[in-house]
Number of protein chains: 2
Amino acid sequence: MVAGPLPAPSGPGKDRLRLWIRLLRASRTIEAELRERLKKEFDTTLPRFDVMAALYRVPEGMLMSDLSRFLLVSNGNVTGIVDRLVSEGLVARARRNGDRRTSMVRLTEEGTKSFATIAAAHEGWIGELLGKVSEEDARRLTGMLTSFRSNWEGRE
Amino acid sequence: MVAGPLPAPSGPGKDRLRLWIRLLRASRTIEAELRERLKKEFDTTLPRFDVMAALYRVPEGMLMSDLSRFLLVSNGNVTGIVDRLVSEGLVARARRNGDRRTSMVRLTEEGTKSFATIAAAHEGWIGELLGKVSEEDARRLTGMLTSFRSNWEGRE
DNA sequence: ACATAAAACTTTAAGCTTGAAATATTTTGC
DNA sequence: GCAAAATATTTCAAGCTTAAAGTTTTATGT
């Protein structure tokens, strides 16, 4: 997936393949750096950060299924991450009266404070790592990726 | 990492944060689709595909450490993936005369044939998944991501 | 009412991933 | 020549990830 074009392939469709390779390499490079900093500075992981970021936006909490849909990961995956966050006291599950299959997952007070601290550092890191991208290019790129995504989402 | 801006954050640096979120969502969406197709149509995985793609470019083979550097993953990770590919007969390890610590890893004949088939399908999928991105936009985006990356690589 | 389907979630097995420790080999500095 | 450092790789423990199978609860059709 990360294969680089050494003989520099050409032909129809090669531009999109090259784009995909760059996209993947860029996101992996940044992801690796973020993972390392989260570990070193806050002793946490990217998946935990993702879950907490999702919950931070919604103080009343989210269902497990909403969480997994939002994060683009499987149900079972979220179960494990939330289990660990619960055992650390950062997240709480609340049984609901209406539907006993579901439970609302939300940040605890401690989780909220913890996330706010980490998120501030995180935003600084992104600013640093993407520092060479001008604000204008950032907006243009974002626009392209957004339209790509909404096109894509029309499928399935 | 995938957190979406619901209240639409604004302020200095927010454009880069938004860019990062889009970038990550785009690559995760495409990655998930590729993973599913690789599994369903060829009964293989993305990491196996990555390793084979890296080796395909270099018939004489690569060292384990070159492989892990190229793929942006850890050493121990590559060991496991290569182990499985070897046990399936797609990849071979060859002890070197010069340095007995290292071994050259290369695709077997079967591995080469197998990869060629999968890669053709893969390129088609990318063309399909990125079909809405015009060739010109693809080149522009690629250029931006490339310059980002070369800037980035100057660090560490 | 009641069987059946659907929905929400958890569990499981297999594989991926990392960072750190361990092993083996080669290189370097006296 | 030889101890110490450096290099290449593997092993290990913990956690992440998925798809598939299992559990519990709710909704649906008759």
Side-chain angles (χ1 to χ4, degrees), chain A residues 1-2 27-29 31-52 61-88 90-91 93-105, chain B residues 1-2 27-29 31-52 61-88 90-91 93-105:
Chain A
M1 231 71 250
V2 166
S27 67
R28 283 193 185 176
T29 304
E31 241 181 318
E33 184 67 23
L34 292 177
R35 183 167 27 241
E36 193 180 325
R37 294 187 185 197
L38 283 173
K39 175 79 182 266
K40 282 221 159 62
E41 314 229 347
F42 297 104
D43 191 31
T44 189
T45 67
L46 214 42
R48 278 171 169 87
F49 181 86
D50 286 351
V51 167
M52 295 179 76
M62 294 176 83
L63 300 179
M64 291 296 283
S65 44
D66 292 337
L67 210 40
S68 87
R69 227 188 324 278
F70 181 74
L71 295 174
L72 307 175
V73 300
S74 68
N75 273 354
N77 188 356
V78 176
T79 296
I81 299 168
V82 167
D83 281 352
R84 271 166 235 121
L85 288 172
V86 167
S87 79
E88 291 170 21
L90 300 170
V91 157
R93 275 187 242 244
R95 269 255 173 300
R96 289 203 305 171
N97 299 349
D99 188 334
R100 276 182 305 181
R101 290 170 301 183
T102 67
S103 58
M104 281 299 246
V105 181
Chain B
M1 232 70 246
V2 167
S27 67
R28 283 193 185 174
T29 304
E31 243 181 317
E33 183 69 22
L34 291 177
R35 183 168 26 243
E36 193 180 326
R37 296 187 184 194
L38 283 173
K39 176 81 182 267
K40 283 224 158 63
E41 314 228 346
F42 297 105
D43 191 33
T44 189
T45 66
L46 213 44
R48 280 172 168 87
F49 181 86
D50 285 351
V51 166
M52 294 179 77
M62 293 176 83
L63 299 180
M64 292 295 283
S65 43
D66 292 337
L67 209 41
S68 86
R69 227 188 323 279
F70 182 74
L71 295 175
L72 308 175
V73 299
S74 67
N75 274 353
N77 187 357
V78 177
T79 296
I81 299 169
V82 167
D83 282 351
R84 280 179 285 271
L85 288 171
V86 167
S87 79
E88 291 169 21
L90 299 170
V91 156
R93 273 187 243 244
R95 265 259 173 305
R96 289 203 304 171
N97 299 349
D99 187 334
R100 276 182 304 181
R101 288 169 303 183
T102 67
S103 59
M104 281 299 247
V105 181

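Just so you know, these numbers use all the heavy atoms, side chains as well, and skip hydrogens, waters and symmetry mates. Chain identifiers are assigned alphabetically (A, B, ...) following the order of the sequence lines, protein sequences preceding nucleic acid strands; residue numbering begins at 1 within each chain.
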Of the nucleotides [options], which has the atom closest to the [X] side chain?
X: A/E36; options: C/dG19, D/dT10, C/dT10; value: C/dG19
X: A/R35; options: C/dT18, C/dC9, D/dT10; value: C/dT18
X: A/T79; options: C/dT10, D/dT10, C/dC9; value: C/dT10
X: B/S74; options: C/dC16, C/dT18, C/dC9; value: C/dT18
X: A/N77; options: C/dT18, D/dT9, D/dT18; value: D/dT18

* To do: Start with the C-alpha distance between B/M104 and B/L63, add both sets of side-chain angles, then the distance that settles side chain to side chain contact (heavy atoms under 4.5 Å, CB included), and finish with yes or no.
  => CA-CA 5 Å; B/M104 281 299 247; B/L63 299 180; 3.7 Å; yes

For the pair made of [atom1] in [X] and [atom2] in [N], what is the distance, rounded to whole Å?
X: A/E88; N: D/dA14; atom1: CD; atom2: C1'; answer: 13 Å
X: A/D43; N: C/dT18; atom1: CG; atom2: C1'; answer: 14 Å
X: B/L71; N: C/dC16; atom1: CG; atom2: C1'; answer: 13 Å
X: B/R28; N: C/dC16; atom1: CZ; atom2: P; answer: 18 Å
X: A/I81; N: C/dT11; atom1: CD1; atom2: P; answer: 15 Å
X: A/R37; N: C/dT18; atom1: CZ; atom2: C1'; answer: 18 Å
X: A/N75; N: C/dT11; atom1: CG; atom2: C1'; answer: 12 Å
X: A/D83; N: D/dT17; atom1: CG; atom2: P; answer: 14 Å

* Listed once per pair and sorted, the salt bridge (charged side-chain N to carboxylate O under 4.0 Å, His left out) pairs that draw on residues 63-74 of chain A, sequence neighbours left out -> A/D66-A/R69

* Asked: Can you list every salt bridge (charged side-chain N to carboxylate O under 4.0 Å, His left out) pair that touches residues 70-87 of chain B, not counting sequence neighbours?
  -> B/D83-B/R93

* Check whether any side-chain nitrogen or oxygen of B/R93 sits under 4.0 Å from OP1 or OP2 of D/dT10, and answer yes or no. => yes

* Take nucleotides 21-26 of chain C nucleotide by nucleotide from the 5' end and write B, S or -, depending on whether a protein heavy atom sits under 4.0 Å from the base, only from the sugar-phosphate, or from neither. => ---BBS

* **A/N75 and A/M64, any side-chain heavy atoms less than 4.5 Å apart** => no

* **Criterion side-chain contact (heavy atoms from CB on, under 4.5 Å) against B/S68, the qualifying member of B/V78, B/T79, B/V82** => B/V78

* **Approximate separation, where rounding is to 0.5 Å, of A/E88 CD and A/D43 CG** => 8.0 Å

* **Atom pair CD1 (B/I81) and CG (B/L67), whose distance is rounded to the nearest 0.5 Å** => 8.5 Å

* Structure fact -> The answer to which of A/R48 and B/T102 contacts DNA chain D further toward the 5' end, by nearest nucleotide, is B/T102

* Asked: If you pin A/M104 and A/K40 to their nearest nucleotides in DNA chain C, which one's is more 5'?
  -> A/M104

